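Letters go in sequence order (proteins before strands), and every chain restarts at 1. None of these values were measured; they are calculated from a predicted model.
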Amino acid sequence: MKNFYVTTPIYYVNDAPHIGHSYTTVLADILTRFHKILGYQTFFLTGTDEHGQKVQRAAEKRGVTPQEHVDEYYHRFEDLWKKMGIGNDFFIRTTMPEHKAFVQECLQKLWDKGEIYSKEYEGWYSVGEERFFGEDELDENKCDPISHRPVEWLKEKNYFFKMGSYQQKLIDFLESHKDWIVPDYRWNEIRGFLRQPLNDLCISRPKARLSWGIPLPFDTDYVTYVWFDALLNYVSASTAFHKTYADGTPIWPATYHLIGKDILTTHSVYWPTMLMALDIPLPQHILAHGWWLVNGGEKMSKSAGNVVNPMDYMEKYGIDAFRYFLAREMVVGQDANFTHDAFVRRINSDLANDLGNVLNRVHRLVLNNFEGKLPAATSIGDAEKEVIDLANKVIAEIKEGLPQARLSQSIETIMQLVRSINRYLEVKAPWKLAKDPSLKDELATVLYVSAEAVRLSLCLLWPVIPGKAEEGLAMIGCKFQSADDLAWGILKGGEAFGEGKPLFPRIEEEVKKPEAQPKPKQNKPLMAADVPAAMDMRVAQIKEVADHPDATSLYVLKVDAGEGELRTICSGLKNSYKAEELQNRKILLFANLKPSALRGIMSQGMLFAGDLDNEAHTCRLVSVPEDAKPGDRALFKGVAPNEPRELKVKDFEKIALSVKGGAVFCDTLALEVNGKPVTCDVADGNGVH
RNA sequence: GGCGGUUUAGCUCAGCGGUAGAGCACUGGAAUCAUAAUCCAUUGGUCCGGGGUUCAAAUCCCUGAACCGCUACCA
């Protein structure tokens, strides 16, 4: 018997469940059910991650023990999954004694093998930020550069897993398993990531700082930090709790780890190296899906009145409609939009108009003409063969497409069968046949073939809409019992139809037509000669200076460019200026430069400075006239400014600014503010950037 | 900056050397068993731009643009 073991990430117990959690879990549920109807033995795992600082703090705040806190909070997930008809076989919690014992066993094994070592770390520790900072990262008062609270010098020992030593082994594995990560472009990303040296992984926290965790078996003053604690759930659940499938074959390794694209690195780098060290077989696939963009990513604002909370849709339109939309609308791997209009359109056209309606048609026809008892087919003609052939083809395609988890496509394939039934009914017009008693046999055939095709459609859709599929099957007097039912000819005739009402009532709400998006104007490449006129350079005043928390040579400045709001600029001036020298200084800002993140902080522009010493990477800021005010524009003499347009560094690099006689020039064009020259105190001929 | 991806009908996407496709939306018609549902037909495309390879390019190569992802002390 073939096996299928799928996992979701364990969700952090403190998080409020949202569309992201729901999607992964629904996806896992649907994949499990698809495998089930194809005769696989399945195991489906989800759960909660219950250790860590946030839980510890939340519990303290509420005045309960961490255990009491998580015992209460994990229900938010468990209850939601029950409500959504999620059929997980086990719900693991990282606070379960069996899991903790398993984690400790693994840690001890690695310690004994010498795969874990301890290292002393020394540095300035900020309690507020829970992390270390380097000497050069501290702010001017020798305080934490983010919260500006005092830091303390801390010498701390921690434990590290020798992850780096598995780099080559992991690369070799990936090279021989190109389908290990789905979609393939994610494989590529990880392969790229591994071109740089892989560091060892810090896996501990001293108990003094974090008490709510699993103690290291070889040093009980420490707990293990998230990685071993959380990731090992996939193995502990399938070895410490449930070991084998019904037929005795072991459950581990997992067939698929379903994850969001945000935790790709932990699952495809940290996790496999951990398993390699432990001599545990690796999972067969990692499947990273995209994100649901709600409310147009963030473009649509609340004031636009189209804010959508996806979780409300489950309540309002039913679990199965919600599941169907999630599965049909998102191409696995890519991001997708969750919009009200798309939801209504999708549910109405697929589930109400096509599936629900055709079921209702057949149901009523049998009720009205055969007193609710399905007749048997009398003769199979060409039109019937066409339906039967399509049904068989669809079943084959589902079987074939399943390993790639191409859900939206599989569903579309099933819908083709559904639509073919409506077409068949239209061609045969059983309501006309019913008017002539001599055509009763032909009528019987039409209704039998339609009913059987509806039955198959419902069975095929059962993984996606289990509740409604069962309801629909009951309407035509049958049940879905085993994988053998996934074939033509299970209905025999004589089945008594049940009660019936529309399976998916049409959502009677107005929906906007999809709007044409104005095509983005093709920006012509900017010629070097166009650059000076396109640059928006403004006088700005530095209001705040802070050190960049993660970079040694960068300041994070807040500058006033006369726009009301302050701009954040990251600037590599640490080698050239002290913070107090910069405070309140007037500078020249390149304002229409495309913003970009520098070591995690968005920088909205760039300052002009002349090169002082290329070796030492020092520079001198350009000076603007004394009377210039923030917001005043700097222009090249004789060049009229163009319409503002966002520029890229690449565009800027097409021209060269340099110093001549203490003033700044672009070739022969002098740079001026209010008619007075912009100057810079560096040697003639030096560049300005 | 480095690496990678995407760009095809109004919308969402498939096709990845051999006459441009699907679903939804639009327009017209048919039908009346059914949830104002269905069916048929029609409409709608410089397959991002430019160059090249080929008998043949949406598809392969080069180049430009826009957007996106990973990565990086370019600011």
Side-chain angles (χ1 to χ4, degrees), chain A residues 183-193 195-196 261 264-265 290 328-331 334-337 339 341-342 345-346 348-354 356-369 406 408-409 411-413 415-416 419 421-435 446-447 450 501-508 511-517 519-526 548 550-557 569-574 589-590 593 595-601 603-609 617 619 649-650 652-653 689:
Chain A
D184 51 1
Y185 50 84
R186 298 286 174 203
W187 180 96
N188 222 17
E189 268 176 33
I190 293 300
R191 190 60 192 80
F193 178 83
R195 272 181 247 281
Q196 284 158 311
K261 61 184 183 183
L264 181 64
T265 308
R328 176 64 186 81
E329 203 72 8
M330 179 178 267
V331 176
Q334 298 181 25
D335 291 348
N337 285 297
T339 67
D341 291 352
R345 259 200 302 274
R346 179 61 75 190
N348 275 349
S349 71
D350 288 10
L351 296 182
N353 298 354
D354 287 344
N357 185 234
V358 79
L359 168 69
N360 204 34
R361 293 174 91 175
V362 173
H363 185 252
R364 293 292 288 271
L365 284 165
V366 171
L367 239 54
N368 293 339
N369 296 295
R406 301 177 81 165
S408 58
Q409 253 181 39
I411 293 173
E412 175 54 26
T413 306
M415 289 314 294
Q416 280 173 21
R419 286 185 214 111
I421 309 169
N422 269 325
R423 212 175 308 133
Y424 171 71
L425 285 174
E426 218 58 42
V427 170
K428 289 290 178 178
W431 47 92
K432 281 185 187 162
L433 300 176
K435 286 177 182 155
V446 173
L447 295 189
S450 308
K501 58 173 200 252
L503 206 54
F504 290 96
R506 203 181 146 75
I507 304 172
E508 297 296 345
V511 164
K512 289 196 298 286
K513 287 177 209 163
E515 274 171 43
Q517 302 279 336
K519 279 205 169 165
K521 272 178 260 165
Q522 185 92 3
N523 272 343
K524 276 189 194 146
L526 207 58
H548 193 298
D550 292 313
T552 56
S553 69
L554 300 179
Y555 282 122
V556 180
L557 311 173
I569 308 287
C570 295
S571 196
L573 298 172
K574 272 201 192 168
L589 173 72
F590 187 176
L593 187 69
S596 103
L598 273 173
R599 284 247 149 175
I601 294 184
S603 180
Q604 305 161 301
M606 169 174 152
L607 313 181
F608 286 103
H617 294 287
C619 60
V649 177
K650 228 199 247 173
F652 176 61
E653 281 169 354
H689 301 288

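The residue A/Leu503 sits close to a base: some heavy atom pair falls under 4.0 Å. Using a 4.0 Å heavy-atom distance criterion, A/Pro430 is classed as making no nucleic acid contact. Residue A/Gly192 is out of contact with every strand shown, counting any heavy-atom pair closer than 4.0 Å. Using a 4.0 Å heavy-atom distance criterion, A/Phe504 is classed as a base contact. Nucleic acid contact for A/Arg195: none, since no nucleic acid atom lies under 4.0 Å from a heavy atom of the residue.
Going from atom CD of A/Glu189 over to atom CZ of A/Arg186 covers 4.5 Å, rounded to the nearest 0.5 Å. In this structure, the separation between OG1 on A/Thr265 and CD1 on A/Ile190 is 4.5 Å, given to the nearest 0.5 Å. The CG atom of A/Leu607 sits 6.0 Å away from atom CD1 of A/Ile569, with the distance rounded to the nearest 0.5 Å. Distance check: A/Asn357 CG to A/Asp354 CG gives 8.0 Å after rounding to the nearest 0.5 Å. Distance check, rounded to the nearest 0.5 Å: CG of A/Leu367 to CG of A/Leu447 gives 11.0 Å.
Checking the phosphate oxygens (OP1, OP2) of B/U38, a side-chain nitrogen or oxygen of A/Asn353 falls inside 4.0 Å. Between A/Arg364 and B/A34 there is a side-chain polar atom (N or O) within less than 4.0 angstrom of OP1 or OP2.
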*Check the pair A/Arg423, A/Glu426 against salt bridge (Lys or Arg N to Asp or Glu O under 4.0 Å), reporting the backbone distance first and the verdict last.*
CA-CA 5 Å; A/Arg423 212 175 308 133; A/Glu426 218 58 42; over 6 Å; no

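Rounded to whole Å, the separation between the P atoms of B/A58 and B/G17 comes to 13 Å. Of the C1' atoms belonging to B/U7 and B/U59, the separation is 14 Å, rounded to the nearest Å. Between the P atoms of B/C26 and B/C62, the separation comes to 43 Å (whole Å). Using P as the reference atom, B/C16 and B/C73 are 40 Å apart when rounded to the nearest Å. Separating the C1' atom of B/U46 from that of B/U42 is a span of 23 Å, rounded to the nearest Å. When the C1' atom is compared between B/G10 and B/G44, the two are found 9 Å apart, to the nearest whole Å. Rounded to a whole angstrom, the distance from the P atom of B/G1 to that of B/G64 is 12 Å. Rounded to whole Å, the P atom of B/C74 lies 28 Å from the corresponding atom of B/U6.
Distance A/Asn368 CG to B/A34 P: 7 Å, rounded to the nearest Å. A straight line from CZ of A/Arg423 to C1' of B/A22 spans 12 Å, rounded to a whole angstrom. Between the C1' atom of B/A37 and the CG atom of A/Asn422 lies a distance of 8 Å, rounded to the nearest Å. To the nearest angstrom, C1' of B/G21 lies 13 Å from CD of A/Gln409. We find that CD of A/Glu412 is positioned 14 Å from P of B/G15, with the value rounded to whole Å. Here B/A22 presents its C1' atom at 9 Å from CZ of A/Arg328, a figure rounded to the nearest Å. Atom-to-atom, CZ of A/Arg186 to P of B/C68 comes out at 14 Å; the value is rounded to the nearest Å. Straight-line distance from the CG atom of A/Leu351 to the P atom of B/U38: 13 Å, rounded to whole Å.
With the nearest nucleotide of RNA chain B identified for both A/Pro505 and A/Ser349, A/Ser349 has the one nearer the 5' end. Each of A/Pro502 and A/Met606 was matched to the nucleotide of RNA chain B holding its nearest heavy atom; the match closer to the 5' end belongs to A/Pro502.
If you check B/A37, B/A14, B/C33 against the side chain of A/Leu365, the one that comes closest is B/C33. Closest to the side chain of A/Gln196, from the set B/A31, B/U71, B/C39, is B/U71. Side-chain atoms of A/Arg345 lie closest to B/C24 of the nucleotides B/C24, B/C33, B/G23. Comparing B/C33, B/A14, B/G69 by their nearest atom to the side chain of A/Glu426 picks out B/C33. Side-chain atoms of A/Arg506 lie closest to B/U35 of the nucleotides B/A34, B/U35, B/U71. With distances taken from any side-chain atom of A/Arg419 to the nucleotides B/C33, B/C39, B/G69, the minimum falls on B/C39. The side chain of A/Asn357 lies closest to B/A37, out of B/A37, B/C33, B/C13. Among the nucleotides B/U38, B/G4, B/U32, the one closest to the side chain of A/Asp354 is B/U38. With B/U38, B/C13, B/G69 as the choices, the nucleotide that has an atom nearest any side-chain atom of A/Val331 turns out to be B/C13. Of the candidate nucleotides B/A31, B/G15, B/C70, B/A31 has the atom nearest to the side chain of A/Lys432.
Within the 4.5 Å cutoff, no side-chain heavy atoms of A/Asp350 are placed close to those of A/Ile411.
Counting only distance, with no hydrogens or angles, the side chain of A/Asn360 and the backbone of A/Gly356 share no donor-acceptor pair below 3.5 Å.
Counting only Watson-Crick or G-U wobble pairs whose defining distances are both under 3.5 Å, the stems of 3 or more consecutive pairs in RNA chain B are B:1-7 with B:65-71, B:10-13 with B:21-24, B:27-30 with B:38-41, B:48-52 with B:60-64.
Side chains of A/Asn422 and A/Arg361: a donor-acceptor N/O pair is present below 3.5 angstrom, by distance only.
Using a cut-off of 4.0 Å between Lys/Arg side-chain N and Asp/Glu carboxylate O, A/Arg419 and A/Glu412 are scored as salt-bridged.
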